[in-house]
Engineer: 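Can you read through this structure? Questions will come right after.
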Number of protein chains: 2
Amino acid sequence: MSNKHHPASTRDAIIAAADALFYQQGVASTSFADIAAQVHISRGNFYHHFRSKDEILDAVIALRTDRTRGMLAAWAAEAPDAGARLRRFARMLVQNRDAIQRYGCPVGTLCSELARHAHPARDGAAMILELFRNWLRAQFEALGHGQDADALALHLLVRSQGIAALAHAFHDEDLIHREIALVEDWLDSLHTHS
Amino acid sequence: MSNKHHPASTRDAIIAAADALFYQQGVASTSFADIAAQVHISRGNFYHHFRSKDEILDAVIALRTDRTRGMLAAWAAEAPDAGARLRRFARMLVQNRDAIQRYGCPVGTLCSELARHAHPARDGAAMILELFRNWLRAQFEALGHGQDADALALHLLVRSQGIAALAHAFHDEDLIHREIALVEDWLDSLHTHS
DNA sequence: GTCTATAAGAAGATAGAC
DNA sequence: GTCTATCTTCTTATAGAC
């Protein structure tokens, strides 16, 4: 499972390519041939590293989970207080606006696809969303909204997912700027209340 | 295109079955065999009514467009004023909470799937979302928010799509109740301002 | 560890009988 | 208008040589 000893191994290259393609094309419509073409290996070589496509998906979800944990930890280390951390989260959508407008939210679209097919990896994908939820809740708690912290965290996730969904559907990057500005206003209004 | 003379024709049965299956399973992972099983026809019979799968999708989008137009017109006829109409829109999510929690928003998930693959029918699906946007904008204009009407309409769509996405991902019906209550509070606050 | 060759099945689509 | 039979292509997966 670890890639400590083989940082550039074929296995890791497969996971990295699958990670990108699953995001851009969806899991179901990404074939082994697609991944193989990117990694420059043959289709047969796949089954030396993974037993099935679902096993690749599991590895991709594990990768994204780790990456998300790392990102949230980095935000917590960079930003001095909870208010700044919440704003850092909001800025993520502006930062990734090009990819979001093209392919949607990586977490949201994966959860949507897996939830609709009651896929075994469904809960693993939802777990990534939960990581954000828990991290956001902790920031709202630090801001003094102990009682409503989880509701506020979910509300912020709702708006983020909605912004990504509409930016994707309308192919409209500018929508992200405008709606995130409203989110920042809302965060400011919470801060003054506490 | 019209179904006036053949209300229960095979063609209409195909469209109705495809409409449901495209929603529940997605377009790409719904096969001719799936639809044929529901309609109780053979796979070959398909091509007497449609030349390709994309043509079925076009018919489904046309059906949904008509249905949406009818629903919005009915809401406008039922609700006395713009404020009541906006609340009627918000209630739609509560009303459809079971399906939304299972399969997501029918419009949002279709737009997301087609946008990611740059599908020819992409704009047709986004058009349904535009119908909601235009209808909502008209209500905000009637409420006296002429300048901001479109931004307010988009904001309401953002929250609706986000609510549907999270209810689907977390399999959480209750989230819809709580977030729609917040939407209603927001609508109330707009009314008193005007 | 990587390859070629190939199986086994599902998909969209066609031809032609009835 | 509906069917069966068939074609082609794509997909996942396996077997075995190197």
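Values in this document were obtained by computation on a predicted structure and should not be read as measured data. Residue numbering restarts at 1 for every chain, and letters A, B, ... go by the order of the sequence lines.
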Engineer: Is DNA chain C part of any stem, that is, at least 3 consecutive Watson-Crick or G-U pairs with both distances under 3.5 Å, and where?
Structural biologist: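 The stems that DNA chain C takes part in, listed by first number, are C:1-10 with D:9-18, C:12-18 with D:1-7.
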
Engineer: Does CE belonging to A:Met71 count more than 12 external heavy atoms closer than 6.0 Å?
Structural biologist: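 Above 12, so yes.
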
Engineer: Rounded to whole angstroms, how far apart are NE2 on B:His48 and C1' on D:dG1?
Structural biologist: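 That distance rounds to 5 Å.
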
Engineer: Of the non-hydrogen atoms in A:Val27 and A:Glu113, which two are nearest, and what is the gap between them?
Structural biologist: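 So the two residues come closest at N-OE1, 2.9 Å.
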
Engineer: Ignoring the backbone of A:Ile41, work out which of D:dG1, C:dC3, D:dT12 is nearest its side chain.
Structural biologist: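 The listed nucleotide nearest to A:Ile41's side chain is C:dC3.
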
Engineer: Can you tell me how far C1' of C:dG16 sits from CZ of B:Phe46, to the nearest Å?
Structural biologist: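 My rounded result for the distance is 20 Å.
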
Engineer: Does B:His49 put a side-chain nitrogen or oxygen below 4.0 Å from OP1 or OP2 of D:dT2?
Structural biologist: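 For B:His49, the contact criterion (side-chain N or O under 4.0 Å from OP1 or OP2 of D:dT2) is met.
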
Engineer: What contact category does B:Tyr47 fall into here, base, sugar-phosphate, or nothing, at under 4.0 angstrom with non-hydrogen atoms?
Structural biologist: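 The answer is base, as B:Tyr47 lies within the cut-off (heavy atoms under 4.0 Å) of a base atom.
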
Engineer: Between P on D:dT11 and CD1 on A:Ile56, what's the gap in Å once rounded to a whole number?
Structural biologist: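 Value for this atom pair: 14 Å.
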
Engineer: Does a side-chain N-to-carboxylate-O contact under 4.0 Å join B:Arg87 and B:Asp81?
Structural biologist: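 Answer for the salt bridge query: no.
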
Engineer: For B:His155 and A:Glu179, which I'm curious about, is there any donor-acceptor pair between the side chains at under 3.5 Å?
Structural biologist: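 Yes.
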
Engineer: Any idea which heavy atoms bring A:Leu21 and A:Gln38 closest together, and the distance?
Structural biologist: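 For A:Leu21 and A:Gln38, the tightest heavy-atom pair comes out as CD1-CG, 4.1 Å.
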
Engineer: Just compare C:dT2, D:dT2, D:dT12 and give me whichever is closest to any side-chain atom of A:Thr10.
Structural biologist: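 Minimum distance to the A:Thr10 side chain belongs to C:dT2.
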
Engineer: Rounded to whole angstroms, how far apart are CG on B:Asp54 and C1' on C:dA11?
Structural biologist: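 After rounding, the reported distance stands at 14 Å.
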
Engineer: Tell me: CG of A:Leu57 to C1' of D:dT12, nearest whole Å?
Structural biologist: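 These atoms are roughly 15 Å apart.
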
Engineer: Classify the ring geometry of B:Trp75 against B:Phe89: parallel below 30°, tilted from 30° to 60°, perpendicular beyond 60°.
Structural biologist: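 Aromatic pair B:Trp75/B:Phe89 classed perpendicular.
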
Engineer: Just call it for B:Thr30: base, sugar-phosphate, or nothing, with non-hydrogen atoms closer than 4.0 Å on any strand.
Structural biologist: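 It contacts sugar-phosphate atoms only.
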
Engineer: With sequence neighbours excluded, tell me which residues meet side chain to side chain donor-acceptor pair (under 3.5 Å) with A:His168.
Structural biologist: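 Once residues adjacent in sequence are excluded, A:His168 has no partner under the side chain to side chain donor-acceptor pair (under 3.5 Å) criterion.
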
Engineer: Taking atom P of C:dA11 as reference, at what distance in whole Å does atom NZ of B:Lys53 sit?
Structural biologist: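 Between P of C:dA11 and NZ of B:Lys53: 9 Å.
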
Engineer: Between B:Phe32 and B:Tyr47, is the ring centroid distance below 6.0 Å?
Structural biologist: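 Yes, the ring centres sit under 6.0 Å apart.
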
Engineer: Please state how far atom CZ in B:Phe50 lies from atom P in D:dT2, giving the value in whole angstrom units.
Structural biologist: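 After rounding, the reported distance stands at 12 Å.
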
Engineer: Return a single string for nucleotides 4-9 of chain C, one symbol per nucleotide in 5' to 3' order, where B is base contact, S is sugar-phosphate-only contact and - is none, cutoff 4.0 angstrom on heavy atoms.
Structural biologist: B-----

Engineer: Write down the distance between CD1 (A:Ile35) and C1' (D:dT11), rounded to a whole number of angstrom.
Structural biologist: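 About 12 Å, once rounded to whole Å.
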
Engineer: Among side-chain atoms of B:Thr10 and B:His49, is any donor-acceptor pair under 3.5 angstrom?
Structural biologist: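 No.
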
